[in-house]
Every structure is written in C-alpha cells, then in structure tokens.
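Take a look at the structure set out below.
Here is the naming used below: chain letters follow the sequence lines, and residue numbers restart at 1 for every chain. Heavy-atom basis, side chains included; hydrogens, waters and symmetry copies ignored. Since this is a predicted model, take the numbers as computed values, not measurements.
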2 protein chains.
Amino acid sequence: MFEIIAEPNRRAILSLLVSSQQSVGEVERQLRMPQPTVSKHLRVLREAGFVESTVDAQRRLYRLKPEPLQEVDAWLAPFRRFWSAHVDALERHLDRMDQKTPTKRKTRRRR
Amino acid sequence: MFEIIAEPNRRAILSLLVSSQQSVGEVERQLRMPQPTVSKHLRVLREAGFVESTVDAQRRLYRLKPEPLQEVDAWLAPFRRFWSAHVDALERHLDRMDQKTPTKRKTRRRR
DNA sequence: AGAGCATATACGTGTCAAGGTATATAAAGG
DNA sequence: CCTTTATATACCTTGACACGTATATGCTCT
C-alpha cells in the first residue's frame with residue numbers, strides 16, 4: 001500500500017483521478033508520460049485496489065477507489081493525536097512564558 | 001517522504017516512537033531487529049526529518065518530529081474530500097431505494 | 001477484410017535500496 | 001588503562017522495480 005504511493009508518477013495519476021475519471025490517453029497527455037508507463041502504473045494501482053476501470057469501446061476509463069487511501073489515513077491517526085498533543089504542549093509553554101514576562105500582546109490563546 | 005514510510009521497519013519504528021522517545025537498544029529489543037538495521041533506518045528517518053535525537057551518555061534517544069507526517073496528511077486531504085463525497089452519494093442512493101421499495105427497516109439514516 | 005487508434009504486455013537494462021557481517025567510534029565503570 | 005556497553009558506519013551482495021523499446025491485443029469504421 002505504502003509502496004504503491006511511494007512512486008511519484010502513481011501519486012500524480014491518483015491526484016489526477018481525484019477530480020474525475022480519465023482514460024489512459026487523457027492521463028498520458030495531461031501528465032506527459034509515455035503510454036506504456038501509464039498503463040503499467042495503472043495496472044499496479046488496479047491490482048492494489050486504488051483504482052478500477054470500465055471499458056468504453058477501445059478506451060478504458062479509470063476511476064479512484066477510496067479504500068486503500070482510507071487505510072493510509074487510518075495509519076496516520078495515532079500520529080495526528082501525537083502532533084496535536086505537541087501543539088498543546090507548545091501552547092502551555094507559551095502560557096508560562098506569558099506569565100513570566102508579561103509584555104504587551106495583541107491576541108494569544110483563543111481556543 | 002513517501003519512500004521513507006514505504007519501508008515496513010521504518011513504519012514500525014515510527015509507531016513505536018509515537019508513545020514516547022526510545023533509545024536505539026530499546027527499539028532493537030522491542031522490534032527484534034538487528035542493531036545495524038535499527039541504526040540505519042533511524043539515520044534515514046533523521047535525515048528526512050521524521051525523528052530527532054539527543055545524546056544521553058552512550059545512548060541516543062530518538063523522538064518523533066511531526067512535520068513530515070503532517071505533510072503526508074496534507075497530501076491526503078483532497079482524497080478525503082473525494083471519499084466523503086462518495087459516502088454522500090451512496091447515502092442518497094440508499095434514500096432513493098428506501099422510497100421505491102418501502103420495506104421494514106430497523107434504523108437507517110441517522111445523521 | 002484492412003487500416004488506424006487505444007491500450008496492454010514482453011523483454012532487456014540500469015539503478016537503488018535493504019540486509020548481513022564485520023568493524024569503527026565513543027562513553028562508562030571497574 | 002582496559003573491558004564492556006551503546007551506537008554508527010563500511011562493504012558486499014541480492015532483489016525489486018522503473019524505464020524504454022518493441023510488439024501484441026482488441027475495437028472501430030470504411
């Protein structure tokens with residue numbers, strides 16, 4: 001999952017598909033990458049469940065599937081808790097600074 | 001950034017550090033990986049800004065830094081909008097189903 | 001049926017990164 | 001000092017993967 005999105009071209013493709021579905025040729029043109037490259041990355045993305053495709057005559061339309069990126073999001077959850085705790089600690093620290101050196105301030109602390 | 005967290009051992013190390021700072025030896029024992037492996041991954045993590053270290057006699061204590069993972073989080077933002085839009089669409093679809101085939105249900109739709 | 005377009009796949013090549021083993025650096029303690 | 005403990009680094013090997021080029025598959029339209 002993380003290996004999939006580690007590849008810059010694949011991230012570009014995903015970012016492109018977030019707005020709407022695209023054919024291989026459209027991706028090829030917008031991202032200016034050779035067609036086999038696009039096809040190969042789309043294959044990887046499809047097999048990993050990041051996208052799915054439907055057939056439209058000779059074209060294949062690829063669209064995003066939410067699940068894998070939701071898992072990435074879920075993995076981040078504990079870290080989000082960590083860094084919001086960090087911000088809190090910083091704020092408490094600044095509060096102490098405020099007490100020790102009472103100087104004119106505009107607005108601080110507005111929860 | 002994404003390359004960094006693509007490596008499973010590094011993700012394990014990050015997950016370990018989210019609770020509190022750890023020395024190299026503590027990581028080594030808890031994750032049961034050889035010491036050079038731990039040191040090398042920590043070096044990569046440090047150079048990418050995911051962790052920082054302080055010296056405690058012969059030990060080095062590594063702790064998490066929030067910024068890089070926050071960037072990952074930021075990259076995910078557009079996709080979050082995408083999949084919440086998707087849930088909404090699904091709900092609207094189910095609402096239509098409800099109207100067309102009015103059958104006994106326990107609880108549905110409780111925003 | 002044949003030409004042309006859209007997409008997929010096969011194959012060869014180069015690069016890079018992770019792991020293992022060995023060794024270096026450095027501080028602590030007897 | 002010398003040994004032990006803690007961590008970092010060097011070197012080598014191996015495997016995976018991304019790319020380019022060439023070719024195959026498959027659909028459409030005349």
*Spell out protein contact along nucleotides 15-22 of chain D as letters: B when the base is contacted, S when just the sugar-phosphate is, - when no protein heavy atom is under 4.0 Å; keep the 5' to 3' order.*
---SBBBB
With a 3.5 Å cut-off and sequence neighbours excluded, list the donor-acceptor pairs that the side chains of residues 33-51 of chain A form with protein atoms.
from   : atom 1 : to     : atom 2 : distance (Å)
Q35(A) : NE2    : S39(A) : OG     : 3.1
H41(A) : ND1    : R10(A) : NH1    : 3.3
R43(A) : NH1    : E47(A) : OE2    : 2.4

*In one Ile/Leu/Val/Met/Phe/Trp/Tyr side-chain cluster, 4.5 Å: L61(A), I13(A)*: no
*Go through the structure and list residues passing side chain to side chain donor-acceptor pair (under 3.5 Å) with Q70(B), not counting sequence neighbours.*
none
*Mind checking whether R29(B) and R32(B) have side chains closer than 4.5 Å, heavy atoms only?*
no
*Interface residues of residues 14-30 of chain B with DNA chain C (non-hydrogen, below 4.0 angstrom)*: none
_Is any side-chain heavy atom of F82(B) closer than 4.5 Å to one of S19(A)?_
no
*When you measure from every atom of DNA chain D, which of residues 56-64 of chain A have a heavy atom less than 4.0 Å away?*
A57(A), Q58(A)
*asked:* For S23(A), is there any backbone N or O sitting under 3.5 Å from a side-chain donor or acceptor partner on R60(A)?
replied: no
*Separation of L31(B) atom CG from dG19(C) atom P, in whole Å?*
12 Å
*Could you give the CZ-to-P distance, from R32(B) to dG19(C), as a whole number of Å?*
17 Å
*Heavy-atom distance under 4.5 Å between the side chains of S15(A) and W75(B), does that happen here?*
yes
*asked:* In this structure, how many angstroms lie between the C1' atom of dA18(C) and the CG atom of L45(B), rounded?
replied: 14 Å
*May I have the step-by-step check of side-chain contact (heavy atoms from CB on, under 4.5 Å) for V27(B) and L16(B), ending in yes or no?*
CA-CA 8 Å; V27(B) 174; L16(B) 192 60; 4.1 Å; yes
*Any side-chain heavy-atom pair of D73(A) and F79(B) under 4.5 Å*: no
*salt bridge (Lys or Arg N to Asp or Glu O under 4.0 Å) with E52(B): which residues, sequence neighbours excluded?*
R63(B)
